[in-house]
Number of protein chains: 2
Amino acid sequence: MQNQSPHYEITWLIRRLFRAMAQLADGYLQAHGLAAADRAVLEFLYPEEALSVPEIATRYQVSRQHIQVTVNALLEDGFLRSRPNPRHKRSSLFALTPVGRELFRKIRASEAGLLDRLFADIPTDDVECTRRTLQAMYFHNLKQGEIDESS
Amino acid sequence: MQNQSPHYEITWLIRRLFRAMAQLADGYLQAHGLAAADRAVLEFLYPEEALSVPEIATRYQVSRQHIQVTVNALLEDGFLRSRPNPRHKRSSLFALTPVGRELFRKIRASEAGLLDRLFADIPTDDVECTRRTLQAMYFHNLKQGEIDESS
DNA sequence: TCATATTGACAATCTAATTGTCATTTTTTG
DNA sequence: CAAAAAATGACAATTAGATTGTCAATATGA
(Lines give C-alpha, C1' and ligand atoms only; values in the text may rest on other atoms or scores of the structure.)
Protein backbone atom coordinates (compact mmCIF):
# COMPACT_ATOMS: atom_id res chain seq x y z
CA MET A 1 0.00 0.00 0.00
CA GLN A 2 3.05 2.26 0.03
CA ASN A 3 3.37 3.27 -3.58
CA GLN A 4 -0.11 4.70 -4.03
CA SER A 5 -1.02 8.32 -4.38
CA PRO A 6 -0.89 10.25 -1.12
CA HIS A 7 -4.60 10.95 -1.41
CA TYR A 8 -5.39 7.30 -1.72
CA GLU A 9 -3.07 6.39 1.10
CA ILE A 10 -4.75 8.86 3.40
CA THR A 11 -8.19 7.43 2.77
CA TRP A 12 -6.77 3.94 3.20
CA LEU A 13 -5.29 4.97 6.55
CA ILE A 14 -8.55 6.57 7.64
CA ARG A 15 -10.37 3.29 7.00
CA ARG A 16 -7.79 1.30 8.92
CA LEU A 17 -7.52 3.74 11.79
CA PHE A 18 -11.28 3.80 12.13
CA ARG A 19 -11.43 0.03 12.42
CA ALA A 20 -8.53 -0.11 14.85
CA MET A 21 -10.00 2.67 16.95
CA ALA A 22 -13.45 1.11 16.93
CA GLN A 23 -11.97 -2.12 18.16
CA LEU A 24 -10.21 -0.39 21.04
CA ALA A 25 -13.29 1.67 21.79
CA ASP A 26 -15.45 -1.43 22.08
CA GLY A 27 -13.47 -2.42 25.10
CA TYR A 28 -14.25 0.52 27.33
CA LEU A 29 -17.71 1.09 25.86
CA GLN A 30 -18.74 -2.43 26.74
CA ALA A 31 -17.36 -1.84 30.21
CA HIS A 32 -19.96 0.89 30.55
CA GLY A 33 -22.66 -1.17 28.85
CA LEU A 34 -22.80 1.18 25.88
CA ALA A 35 -22.81 0.73 22.11
CA ALA A 36 -21.22 3.03 19.58
CA ALA A 37 -24.52 4.74 18.87
CA ASP A 38 -24.95 5.50 22.59
CA ARG A 39 -21.56 7.09 22.66
CA ALA A 40 -22.39 9.16 19.59
CA VAL A 41 -25.59 10.47 21.15
CA LEU A 42 -23.79 11.40 24.36
CA GLU A 43 -21.13 13.13 22.31
CA PHE A 44 -23.67 15.17 20.38
CA LEU A 45 -25.32 16.28 23.60
CA TYR A 46 -22.14 16.89 25.56
CA PRO A 47 -22.01 20.51 24.42
CA GLU A 48 -24.75 22.56 26.02
CA GLU A 49 -27.01 22.00 23.04
CA ALA A 50 -30.25 20.08 23.57
CA LEU A 51 -31.44 18.22 20.48
CA SER A 52 -34.52 16.35 19.32
CA VAL A 53 -34.36 12.77 18.10
CA PRO A 54 -34.73 13.71 14.43
CA GLU A 55 -32.00 16.31 14.81
CA ILE A 56 -29.57 13.83 16.29
CA ALA A 57 -30.40 11.32 13.57
CA THR A 58 -29.71 13.88 10.89
CA ARG A 59 -26.37 14.81 12.39
CA TYR A 60 -25.31 11.21 12.91
CA GLN A 61 -26.60 10.35 9.44
CA VAL A 62 -28.70 7.43 10.56
CA SER A 63 -32.43 6.77 10.58
CA ARG A 64 -34.48 8.59 13.16
CA GLN A 65 -35.94 5.25 14.29
CA HIS A 66 -32.54 4.01 15.28
CA ILE A 67 -31.80 7.09 17.34
CA GLN A 68 -35.26 6.95 18.83
CA VAL A 69 -34.51 3.56 20.32
CA THR A 70 -31.08 4.64 21.50
CA VAL A 71 -32.39 7.80 23.11
CA ASN A 72 -35.28 5.97 24.78
CA ALA A 73 -32.82 3.55 26.36
CA LEU A 74 -30.48 6.31 27.54
CA LEU A 75 -33.49 8.12 28.95
CA GLU A 76 -34.57 5.00 30.77
CA ASP A 77 -31.09 4.61 32.22
CA GLY A 78 -31.18 8.17 33.52
CA PHE A 79 -28.42 9.51 31.30
CA LEU A 80 -30.75 11.86 29.44
CA ARG A 81 -33.63 14.08 30.43
CA SER A 82 -36.22 15.57 28.11
CA ARG A 83 -37.63 19.04 28.06
CA PRO A 84 -40.18 20.76 25.84
CA ASN A 85 -39.14 21.77 22.36
CA PRO A 86 -40.05 25.38 21.59
CA ARG A 87 -39.80 24.61 17.88
CA HIS A 88 -41.96 21.52 17.86
CA LYS A 89 -44.59 20.65 20.41
CA ARG A 90 -44.55 16.91 19.93
CA SER A 91 -40.85 16.29 19.60
CA SER A 92 -39.09 17.10 22.84
CA LEU A 93 -35.48 18.03 23.27
CA PHE A 94 -32.95 15.87 25.07
CA ALA A 95 -30.01 16.88 27.19
CA LEU A 96 -27.54 15.05 29.39
CA THR A 97 -28.38 14.63 33.05
CA PRO A 98 -25.53 15.18 35.50
CA VAL A 99 -25.14 11.41 35.56
CA GLY A 100 -25.03 11.26 31.79
CA ARG A 101 -22.51 14.05 31.65
CA GLU A 102 -20.38 12.29 34.20
CA LEU A 103 -20.64 9.06 32.20
CA PHE A 104 -19.40 10.71 29.04
CA ARG A 105 -16.64 12.40 30.99
CA LYS A 106 -15.54 8.97 32.21
CA ILE A 107 -15.63 7.57 28.71
CA ARG A 108 -13.48 10.43 27.55
CA ALA A 109 -11.07 9.74 30.38
CA SER A 110 -10.81 6.11 29.29
CA GLU A 111 -10.07 7.28 25.79
CA ALA A 112 -7.45 9.73 26.92
CA GLY A 113 -4.97 7.03 27.79
CA LEU A 114 -5.39 5.39 24.43
CA LEU A 115 -5.07 8.73 22.67
CA ASP A 116 -1.82 9.46 24.47
CA ARG A 117 -0.37 6.21 23.24
CA LEU A 118 -1.72 6.76 19.76
CA PHE A 119 -0.10 10.18 19.47
CA ALA A 120 2.91 9.46 21.63
CA ASP A 121 5.63 10.00 19.07
CA ILE A 122 3.95 12.57 16.83
CA PRO A 123 5.35 16.10 16.77
CA THR A 124 2.95 18.83 17.81
CA ASP A 125 3.21 20.61 14.48
CA ASP A 126 2.21 17.47 12.64
CA VAL A 127 -0.75 16.97 14.93
CA GLU A 128 -1.95 20.48 14.25
CA CYS A 129 -1.42 20.16 10.51
CA THR A 130 -3.31 16.88 10.46
CA ARG A 131 -6.15 18.28 12.48
CA ARG A 132 -6.49 21.24 10.16
CA THR A 133 -6.32 19.08 7.05
CA LEU A 134 -8.85 16.51 8.18
CA GLN A 135 -11.16 19.28 9.24
CA ALA A 136 -10.95 20.86 5.83
CA MET A 137 -11.58 17.49 4.22
CA TYR A 138 -14.53 16.80 6.42
CA PHE A 139 -16.30 20.05 5.86
CA HIS A 140 -15.48 20.06 2.19
CA ASN A 141 -16.70 16.50 1.97
CA LEU A 142 -19.89 17.24 3.87
CA LYS A 143 -20.89 20.06 1.59
CA GLN A 144 -20.91 17.74 -1.40
CA GLY A 145 -22.72 15.20 0.75
CA GLU A 146 -25.68 17.54 1.26
CA ILE A 147 -25.37 18.10 5.00
CA ASP A 148 -25.36 21.51 6.63
CA GLU A 149 -24.18 21.15 10.21
CA SER A 150 -22.79 24.16 11.96
CA SER A 151 -21.39 22.93 15.27
CA MET B 1 -16.73 19.96 18.73
CA GLN B 2 -14.21 22.75 18.16
CA ASN B 3 -12.80 23.36 21.59
CA GLN B 4 -11.58 19.83 22.30
CA SER B 5 -7.99 18.70 22.41
CA PRO B 6 -6.39 18.33 18.99
CA HIS B 7 -5.93 14.62 19.62
CA TYR B 8 -9.58 14.16 20.36
CA GLU B 9 -10.61 16.25 17.41
CA ILE B 10 -8.52 14.14 15.06
CA THR B 11 -10.11 10.92 16.21
CA TRP B 12 -13.52 12.56 15.97
CA LEU B 13 -12.75 13.59 12.40
CA ILE B 14 -11.50 10.13 11.52
CA ARG B 15 -14.78 8.66 12.69
CA ARG B 16 -16.81 11.17 10.70
CA LEU B 17 -14.68 10.95 7.59
CA PHE B 18 -14.90 7.19 7.66
CA ARG B 19 -18.67 7.29 7.77
CA ALA B 20 -18.90 9.93 5.07
CA MET B 21 -16.45 8.06 2.87
CA ALA B 22 -18.20 4.75 3.43
CA GLN B 23 -21.46 6.31 2.36
CA LEU B 24 -19.93 7.65 -0.83
CA ALA B 25 -18.17 4.35 -1.43
CA ASP B 26 -21.40 2.42 -1.18
CA GLY B 27 -22.60 4.18 -4.28
CA TYR B 28 -19.96 2.98 -6.68
CA LEU B 29 -19.45 -0.36 -4.94
CA GLN B 30 -23.10 -1.23 -5.34
CA ALA B 31 -22.84 -0.23 -8.97
CA HIS B 32 -20.31 -3.04 -9.33
CA GLY B 33 -22.31 -5.41 -7.14
CA LEU B 34 -19.68 -5.41 -4.41
CA ALA B 35 -19.68 -5.02 -0.65
CA ALA B 36 -17.00 -3.35 1.45
CA ALA B 37 -15.41 -6.68 2.29
CA ASP B 38 -15.13 -7.54 -1.40
CA ARG B 39 -13.36 -4.29 -2.03
CA ALA B 40 -11.01 -4.94 0.87
CA VAL B 41 -10.07 -8.36 -0.48
CA LEU B 42 -9.42 -6.97 -3.95
CA GLU B 43 -7.32 -4.24 -2.39
CA PHE B 44 -5.22 -6.71 -0.45
CA LEU B 45 -4.59 -8.74 -3.59
CA TYR B 46 -4.03 -5.80 -5.91
CA PRO B 47 -0.31 -5.81 -5.23
CA GLU B 48 1.41 -8.82 -6.76
CA GLU B 49 1.04 -10.72 -3.51
CA ALA B 50 -1.10 -13.85 -3.45
CA LEU B 51 -2.64 -14.61 -0.08
CA SER B 52 -4.53 -17.40 1.62
CA VAL B 53 -7.93 -16.89 3.21
CA PRO B 54 -6.58 -16.95 6.78
CA GLU B 55 -3.89 -14.47 5.82
CA ILE B 56 -6.40 -12.03 4.37
CA ALA B 57 -8.61 -12.41 7.43
CA THR B 58 -5.70 -11.64 9.72
CA ARG B 59 -4.78 -8.53 7.78
CA TYR B 60 -8.35 -7.30 7.56
CA GLN B 61 -8.87 -8.15 11.22
CA VAL B 62 -12.01 -10.17 10.67
CA SER B 63 -12.85 -13.83 11.14
CA ARG B 64 -11.47 -16.25 8.59
CA GLN B 65 -14.99 -17.60 8.02
CA HIS B 66 -16.16 -14.22 6.83
CA ILE B 67 -13.31 -13.90 4.34
CA GLN B 68 -13.82 -17.48 3.26
CA VAL B 69 -17.32 -16.65 2.09
CA THR B 70 -16.21 -13.45 0.43
CA VAL B 71 -13.34 -15.12 -1.38
CA ASN B 72 -15.51 -18.01 -2.52
CA ALA B 73 -17.96 -15.58 -4.07
CA LEU B 74 -15.25 -13.56 -5.80
CA LEU B 75 -13.78 -16.80 -7.08
CA GLU B 76 -17.16 -17.85 -8.41
CA ASP B 77 -17.51 -14.51 -10.17
CA GLY B 78 -14.15 -14.96 -11.85
CA PHE B 79 -12.39 -12.10 -10.10
CA LEU B 80 -9.97 -14.38 -8.28
CA ARG B 81 -8.05 -17.48 -9.20
CA SER B 82 -6.44 -19.91 -6.79
CA ARG B 83 -3.08 -21.53 -6.99
CA PRO B 84 -1.21 -23.97 -4.73
CA ASN B 85 0.25 -22.65 -1.53
CA PRO B 86 3.87 -23.70 -1.05
CA ARG B 87 3.57 -22.98 2.66
CA HIS B 88 0.40 -24.93 3.28
CA LYS B 89 -0.89 -27.76 1.14
CA ARG B 90 -4.55 -27.46 2.00
CA SER B 91 -4.98 -23.71 2.02
CA SER B 92 -4.47 -22.37 -1.49
CA LEU B 93 -3.39 -18.87 -2.39
CA PHE B 94 -5.62 -16.40 -4.19
CA ALA B 95 -4.71 -13.76 -6.68
CA LEU B 96 -6.63 -11.41 -8.94
CA THR B 97 -7.53 -12.57 -12.40
CA PRO B 98 -7.11 -10.02 -15.19
CA VAL B 99 -10.83 -9.38 -14.87
CA GLY B 100 -10.51 -8.89 -11.13
CA ARG B 101 -7.59 -6.57 -11.57
CA GLU B 102 -9.51 -4.58 -14.12
CA LEU B 103 -12.49 -4.43 -11.76
CA PHE B 104 -10.41 -3.00 -8.96
CA ARG B 105 -8.79 -0.58 -11.37
CA LYS B 106 -12.28 0.64 -12.31
CA ILE B 107 -13.25 0.99 -8.68
CA ARG B 108 -10.15 3.04 -8.07
CA ALA B 109 -11.02 5.20 -11.05
CA SER B 110 -14.48 5.83 -9.60
CA GLU B 111 -12.85 6.81 -6.35
CA ALA B 112 -10.38 9.12 -8.02
CA GLY B 113 -13.00 11.71 -8.84
CA LEU B 114 -14.25 11.73 -5.28
CA LEU B 115 -10.72 11.96 -3.95
CA ASP B 116 -9.98 14.95 -6.13
CA ARG B 117 -12.96 16.76 -4.73
CA LEU B 118 -12.14 15.69 -1.20
CA PHE B 119 -8.60 17.08 -1.43
CA ALA B 120 -9.36 19.92 -3.82
CA ASP B 121 -8.34 22.81 -1.63
CA ILE B 122 -5.65 21.16 0.50
CA PRO B 123 -2.04 22.30 0.04
CA THR B 124 0.38 19.58 -1.01
CA ASP B 125 2.52 20.03 2.07
CA ASP B 126 -0.47 19.47 4.32
CA VAL B 127 -1.41 16.36 2.43
CA GLU B 128 2.06 14.95 2.88
CA CYS B 129 2.19 15.87 6.55
CA THR B 130 -1.19 14.26 7.14
CA ARG B 131 -0.21 11.12 5.29
CA ARG B 132 2.95 10.80 7.33
CA THR B 133 1.16 11.45 10.60
CA LEU B 134 -1.68 9.02 10.02
CA GLN B 135 0.78 6.39 8.93
CA ALA B 136 2.74 6.83 12.13
CA MET B 137 -0.47 6.64 14.14
CA TYR B 138 -1.59 3.52 12.34
CA PHE B 139 1.59 1.57 12.75
CA HIS B 140 2.06 2.73 16.30
CA ASN B 141 -1.51 1.80 17.01
CA LEU B 142 -1.24 -1.58 15.38
CA LYS B 143 1.79 -2.58 17.36
CA GLN B 144 -0.08 -2.14 20.60
CA GLY B 145 -2.99 -3.97 18.97
CA GLU B 146 -0.91 -7.11 18.49
CA ILE B 147 -0.72 -7.21 14.69
CA ASP B 148 2.49 -7.57 12.78
CA GLU B 149 1.82 -6.76 9.14
CA SER B 150 4.70 -5.75 6.94
CA SER B 151 3.19 -4.58 3.64
C1' DT C 1 -59.49 24.64 7.90
C1' DC C 2 -57.63 21.18 5.44
C1' DA C 3 -53.89 18.96 3.21
C1' DT C 4 -49.27 17.69 4.08
C1' DA C 5 -45.49 16.56 6.85
C1' DT C 6 -43.40 15.08 11.14
C1' DT C 7 -43.03 12.31 15.04
C1' DG C 8 -42.96 8.24 18.07
C1' DA C 9 -43.75 3.52 18.38
C1' DC C 10 -43.39 -0.90 16.85
C1' DA C 11 -42.46 -4.73 13.66
C1' DA C 12 -40.04 -6.87 10.06
C1' DT C 13 -36.15 -7.15 7.54
C1' DC C 14 -31.28 -6.71 6.14
C1' DT C 15 -26.35 -6.88 6.11
C1' DA C 16 -22.10 -7.70 7.78
C1' DA C 17 -20.10 -10.01 10.78
C1' DT C 18 -19.13 -13.42 14.83
C1' DT C 19 -19.24 -17.81 17.04
C1' DG C 20 -19.77 -22.71 17.17
C1' DT C 21 -19.09 -27.11 15.21
C1' DC C 22 -17.27 -30.76 12.44
C1' DA C 23 -14.64 -33.52 9.30
C1' DT C 24 -10.45 -33.24 6.96
C1' DT C 25 -5.95 -32.28 6.37
C1' DT C 26 -1.56 -30.54 7.88
C1' DT C 27 1.98 -29.64 10.96
C1' DT C 28 4.54 -30.48 14.95
C1' DT C 29 6.48 -33.02 18.47
C1' DG C 30 7.76 -36.73 21.28
C1' DC D 1 7.22 -42.83 12.53
C1' DA D 2 3.13 -42.25 15.37
C1' DA D 3 0.34 -39.55 18.01
C1' DA D 4 -1.15 -35.13 19.40
C1' DA D 5 -2.16 -30.53 18.31
C1' DA D 6 -3.33 -26.99 15.15
C1' DA D 7 -5.18 -25.11 10.89
C1' DT D 8 -8.49 -25.14 7.22
C1' DG D 9 -12.86 -25.13 4.68
C1' DA D 10 -17.64 -25.71 5.01
C1' DC D 11 -21.79 -24.87 7.00
C1' DA D 12 -25.20 -23.36 10.57
C1' DA D 13 -26.85 -20.41 14.07
C1' DT D 14 -26.59 -16.24 16.12
C1' DT D 15 -25.59 -11.38 16.97
C1' DA D 16 -25.26 -6.31 16.43
C1' DG D 17 -26.44 -2.48 14.33
C1' DA D 18 -28.89 -0.67 11.46
C1' DT D 19 -32.81 0.16 7.64
C1' DT D 20 -37.44 0.11 5.91
C1' DG D 21 -42.36 -0.13 6.35
C1' DT D 22 -46.41 1.09 8.66
C1' DC D 23 -49.64 3.46 11.51
C1' DA D 24 -51.89 6.54 14.62
C1' DA D 25 -51.35 10.91 16.61
C1' DT D 26 -49.98 15.39 16.29
C1' DA D 27 -48.06 19.61 14.10
C1' DT D 28 -47.27 22.72 10.56
C1' DG D 29 -48.19 25.61 6.84
C1' DA D 30 -50.80 26.93 2.61
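All figures in this text were calculated on a predicted structure; none of them were measured in a lab. Naming: A, B, ... by sequence-line order, numbering from 1 per chain.
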Q: What's the angle between the local helix axes at either end of the helix from C:dT1-D:dA30 to C:dG30-D:dC1, using five pairs per end and rounding to 10 degrees?
A: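 End-to-end axis angle for the helix from C:dT1-D:dA30 to C:dG30-D:dC1: 40°, rounded to 10°.
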Q: In whole angstrom, give the distance that lies between atom CD1 of B:I67 and atom P of C:dA16.
A: 12 Å
Q: Going 5' to 3' along DNA chain D, between which two nucleotides do contacts with chain A fall, using a heavy-atom cut-off of 4.0 Å?
A: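 The contacted stretch runs from D:dG17 to D:dT28.
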Q: Which atoms form the tightest heavy-atom contact between B:L103 and B:H32, and what is the distance?
A: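 The answer is CD1-ND1, 3.7 Å.
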Q: Calculate the interatomic distance between B:Q30 atom CD and C:dT15 atom P; express it in whole Å.
A: 9 Å
Q: Just do the side chain to side chain donor-acceptor pair (under 3.5 Å) check on B:Q135 and B:R131 with the steps written out, would you?
A: CA-CA 6 Å; B:Q135 195 164 62; B:R131 189 201 59 76; 3.2 Å; yes
Q: Is the shortest distance from a Lys or Arg side-chain nitrogen in A:R15 or B:E43 to a carboxylate oxygen in the other one below 4.0 Å?
A: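 Salt bridge flag = yes for B:E43 with A:R15.
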Q: Spell out protein contact along nucleotides 1-7 of chain C as letters: B when the base is contacted, S when just the sugar-phosphate is, - when no protein heavy atom is under 4.0 Å; keep the 5' to 3' order.
A: -----SB
Q: The criterion is ring pair (Phe, Tyr, Trp, His ring centres under 6.0 Å); which residues satisfy it with A:H66, sequence neighbours excluded?
A: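 Checked A:H66 against ring pair (Phe, Tyr, Trp, His ring centres under 6.0 Å); zero matches.
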Q: So, A:K106 and A:E111, do they make that salt bridge, N to O below 4.0 Å?
A: no
Q: Go through residues 71-82 of chain A and report each residue with a non-hydrogen atom lying under 4.0 Å from DNA chain C, sorted by number.
A: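 Output list: A:N72.
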Q: Report the relative orientation of the aromatic rings in A:Y138 and B:W12; use parallel for angles under 30°, tilted for 30 to 60°, perpendicular for over 60°.
A: perpendicular
Q: Taking all non-hydrogen atoms of both residues into account, name the closest pair between B:L93 and B:P84 and its distance.
A: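 Taking B:L93 first and B:P84 second, the nearest heavy atoms are CD1-O, 4.0 Å.
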Q: Distance from B:D121 atom CG to A:F139 atom CZ, nearest 0.5 Å?
A: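 Spacing of CG (B:D121) from CZ (A:F139) equals 13.0 Å.
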Q: Among residues at least two apart in sequence or on other chains, which ones pass ring pair (Phe, Tyr, Trp, His ring centres under 6.0 Å) with B:F104?
A: B:Y46
Q: Side-chain contact, heavy-atom cut-off 4.5 Å: A:T133 with B:T133?
A: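 A side-chain contact under 4.5 Å is absent here.
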Q: Heavy-atom nearest nucleotide on DNA chain D for B:Q65 versus A:R87: which residue maps closer to 5'?
A: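 Looking at DNA chain D, the more 5' nearest nucleotide goes with B:Q65.
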Q: Is the closest basic N to carboxylate O distance between A:R132 and B:E9 below 4.0 Å?
A: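 Salt bridge absent between A:R132 and B:E9.
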Q: Check every strand shown and say whether B:A36 touches a base, only sugar-phosphate, or nothing at a heavy-atom separation below 4.0 Å.
A: nothing
Q: Tell me whether the NZ or CZ atom of A:R16 lies within the 45° cone about the ring axis of B:Y60 and under 6.0 Å from its centre.
A: no
Q: Say you draw a straight line from OG1 of A:T130 to CG of B:D126; how long is it, rounded to the nearest 0.5 Å?
A: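 Nearest 0.5 Å value for the OG1-CG distance: 8.5 Å.
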